[in-house]
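Just so you know, ligand 1 is whichever comes first in the structure, and atom 1 is the first atom listed for that ligand. What you are looking at is a predicted structure, and each value in this text was computed from that prediction instead of being measured.
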Amino acid sequence: MDIRVAVIGAGSWGTTVAALAARNTPTTLWARRPELAEQITTEHRNGDYLPDHDLPDALVATADLEEAVRDCDVLVMAVPSQGFRGALEDVAEHLRPWVPVVSLTKGLEIGTRMRMSEIVTEVVPGHPVGVLTGPNLAKEILAGHAAAAVMAMDDHNVAQALQGLFRGELFRVYTNEDVVGCELGGVLKNVIAIAAGMADGLGAGDNTRAAVITRGLAEISRLGIALGGEPFTFSGLAGMGDLIATCTSTQSRNRHVGERLGRGESIDEIIAAMNMVAEGVKTSRVVMELAGENGCEMPIAAEVEAVCHEGRTALEAYTGLLKRDSGHELAGVRPDL
Ligand SMILES: NC(=O)C1=CN([C@@H]2O[C@H](COP(=O)(O)OP(=O)(O)OC[C@H]3O[C@@H](n4cnc5c(N)ncnc54)[C@H](O)[C@@H]3O)[C@@H](O)[C@H]2O)C=CC1
Ligand SMILES: O=C(CO)COP(=O)(O)O
């Protein structure tokens, strides 16, 4: 019997994951705008977010939430983090019991500081919850370039069952039981990607970018481990893999924000000019709250937060970072340091 997948949120990534699933199993994509849903179903195109890419004929979209959700066997949430809870509360009315919920969202909720999988457990308790994450720039995947991701779930058997729904010839899906680490890898790399973009915008070199990525990984690992992630997870696809893709790709929205900040534009004008989400901007504030609470040093993330929310310039941020003392490179990562 076919497993029916519902994907909530027809932005770049929700549409891409729905396209992957539709090649394997009946899939319905929920879009907020009826015109977009109609275009996806009839023209097999998402003109708002992915105008240059063909979608599978089998992919059906609707703007009717009940129609998308009522019969689904697997629910996939692809709404940005600040709208995630509200969207899931609307979905909950129509969701059958025990349907697994997979989050694609890479952010933390302002106020509660919760990960999306924690919000799922709060809003729809009893449903198995997981995250699909990794170095997955949407447009590359739709263009047919090979990529790999991780399906992270506590329950390995459910993860294995879900793996096959998204897998394709060019899309490899691994499993991992460390939901906390995998989810935080995806969240935290967005903040570091803003820093990498800032360096590029300031005209820094390849050595600088490599230093930001590597020291950024140390910060991600420090906070990720303090919050319960497994150390090895941060050198996997959801950690280092996604960090490299996002810090180096011209397709990354977070890196793009950083690059424009580095060139001297203000955060407000950059955000106003984008029709897509750059999760790292809002998440940077939540990350610094968590770092403070957990006694984690995160100097790069702190500078990103200051540039995004306190009016510091990218040049001041980098000047400040260079003046810091440099101790052992694994401090806060290796248990004995
Ligand atoms: N685009 C990419 O390559 C990847 C994105 N992600 C993550 O996936 C999540 C979604 O990102 P994208 O699809 O790229 O974003 P996007 O900016 O392309 O689209 C966001 C979608 O969510 C909808 N939306 C926004 N607020 C909403 C609300 N309050 N209620 C219902 N729907 C709402 C929008 O209408 C739009 O369809 C983000 O957390 C992002 O970090 C993860 C991996 C890859
Ligand atoms: O998460 C992503 C790639 O894995 C997408 O990154 P951006 O949101 O910065 O585009």
Side-chain angles (χ1 to χ4, degrees), residues 7-20 29-37 39-40 46-51 53 61 63 65 68-69 76-91 102-110 115-117 119 131-143 145 147-150 166 171 182-197 237-260 270-271 274-284 304:
V7 179
I8 307 303
S12 330
W13 190 225
T15 302
T16 302
V17 171
L20 290 168
L29 175 61
W30 176 79
R32 266 199 300 201
R33 288 198 314 110
E35 302 77 22
L36 181 59
Q39 185 185 49
I40 292 168
N46 179 335
D48 288 3
Y49 295 100
L50 301 158
H53 297 277
L65 195 59
V69 171
V76 178
M77 290 293 298
V79 171
S81 49
Q82 306 318 317
F84 189 100
R85 181 187 292 272
L88 185 61
E89 282 169 352
D90 293 342
V91 164
V102 176
S103 166
L104 305 180
T105 302
K106 294 176 177 172
L108 297 169
E109 189 176 51
I110 293 173
R115 291 176 284 106
M116 299 303 112
S117 66
I119 295 176
V131 301
L132 182 67
T133 185
N136 298 149
L137 294 146
K139 287 179 185 158
E140 269 193 23
I141 289 169
L142 281 182
H145 297 293
V150 189
F166 304 102
F171 192 67
C182 287
E183 197 165 23
L184 287 172
V187 165
L188 297 171
K189 62 85 189 175
N190 284 334
V191 178
I192 304 301
I194 295 176
L237 289 165
M240 187 173 65
D242 206 359
L243 183 65
I244 293 173
T246 315
C247 288
T248 59
S249 174
T250 51
Q251 286 177 31
S252 158
R253 287 85 46 97
N254 288 287
R255 190 196 154 283
H256 173 81
V257 167
E259 191 173 4
R260 291 175 68 167
I270 300 167
I271 298 297
M274 289 173 70
N275 78 333
M276 293 190 233
V277 67
E279 291 272 16
V281 174
K282 287 184 176 154
T283 294
S284 63
V304 169

Exercise. Does any N or O in the side chain of E279 come within less than 3.5 Å of the main-chain N or O of N190, such that one atom is a donor and the other an acceptor?
Worked result: no
Exercise. N/O of R253 under 3.5 Å from N/O of ligand 1, yes or no?
Worked result: yes
Exercise. Side chain, backbone, both or neither: which part of M276 has a heavy atom under 4.0 Å from ligand 2?
Worked result: neither
For this session: Using distance alone, determine whether P80 and ligand 1 share an N or O pair under 3.5 Å.
Result: no
For this session: Provide, to 0.1 Å, the distance between atom 42 (C) of ligand 1 and the closest protein heavy atom, together with that atom's residue and name.
Result: W13 CD1, 3.2 Å
Problem set entry | ligand 1 atoms in contact with T105 (distance to a heavy atom under 4.0 Å) | 39 (O)
For this session: With heavy atoms only and a cut-off of under 4.0 Å, state how M276 meets ligand 1: side chain, backbone, both or neither.
Result: both
Seminar exercise, completed: Closest non-hydrogen contact found for P80 with T105 is C-CG2, 3.9 Å
For this session: Give yes or no for whether the N/O distance cutoff of 3.5 Å, strictly under, is met between W30 and ligand 1.
Result: no
Problem set entry | ligand 1 contact on R32 by region, counting heavy-atom pairs under 4.0 Å | side chain
For this session: For residues W30 and V69, determine if any side-chain heavy atom of one lies less than 4.5 Å from a side-chain heavy atom of the other.
Result: no
For this session: Give the atoms of ligand 2, by number and element, whose distance to some non-hydrogen atom of N136 is under 4.0 Å.
Result: 3 (C), 4 (O)
Exercise. Does an N or O anywhere in L137 fall below 3.5 Å from an N or O of ligand 2?
Worked result: no
For this session: Determine yes or no for a side-chain-to-main-chain donor-acceptor pair under 3.5 angstrom, with S284 supplying the side chain and V281 the backbone.
Result: yes
Exercise. Atoms of ligand 1 less than 4.0 Å from A78 heavy atoms?
Worked result: 10 (C)
Problem set entry | Contacting atoms of ligand 1, where contact means under 4.0 angstrom from a heavy atom of A138 | 1 (N), 2 (C), 3 (O)
Problem set entry | Contact with ligand 1 for A10, non-hydrogen, under 4.0 angstrom | yes
Problem set entry | Shortest reach to atom 7 (C) of ligand 1 by a heavy atom, considering only L104, L88, T15 | L104
Problem set entry | Those atoms of ligand 1 less than 4.0 Å from some heavy atom in N136 | 3 (O), 43 (C), 44 (C)
Exercise. Between D242 and ligand 2, does any nitrogen or oxygen pair lie at a separation below 3.5 Å?
Worked result: yes
For this session: Kindly compute the distance separating CZ (R253) from CG (L137), expressed to the nearest 0.5 Å.
Result: 8.5 Å
Seminar exercise, completed: In this structure, atom 1 (O) of ligand 2 is nearest to the protein heavy atom K189 NZ, 2.7 Å
Exercise. Short list, please: which atoms of ligand 1 are under 4.0 Å from a heavy atom of E279?
Worked result: 38 (C), 39 (O), 41 (O)
Seminar exercise, completed: Under 4.0 Å from one or more heavy atoms of G14, ligand 1 contributes atoms 13 (O)
Seminar exercise, completed: Quick note on ligand 1: atoms under 4.0 Å from a heavy atom of L137 include exactly 3 (O)
Exercise. Quick one: does H256 get within less than 4.0 Å of ligand 2, heavy atoms only?
Worked result: no
For this session: Without swapping roles, check the side chain of D48 against the backbone of L36 for a donor-acceptor pair under 3.5 Å.
Result: no
Seminar exercise, completed: Among K139, E279, R253, K106, the residue with a heavy atom nearest to atom 10 (O) of ligand 2 is R253
Exercise. Are I192 and L243 close enough, and set up right, to give a side-chain contact (heavy atoms from CB on, under 4.5 Å), and what steps lead you there?
Worked result: CA-CA 8 Å; I192 304 301; L243 183 65; 3.7 Å; yes
Seminar exercise, completed: For G134, the ligand 2 atoms with a heavy-atom partner under 4.0 Å come out as 4 (O)
Seminar exercise, completed: Of all heavy-atom pairs linking G134 and K106, the shortest is O-NZ, 3.0 Å
Exercise. Does an N or O anywhere in N254 fall below 3.5 Å from an N or O of ligand 2?
Worked result: yes
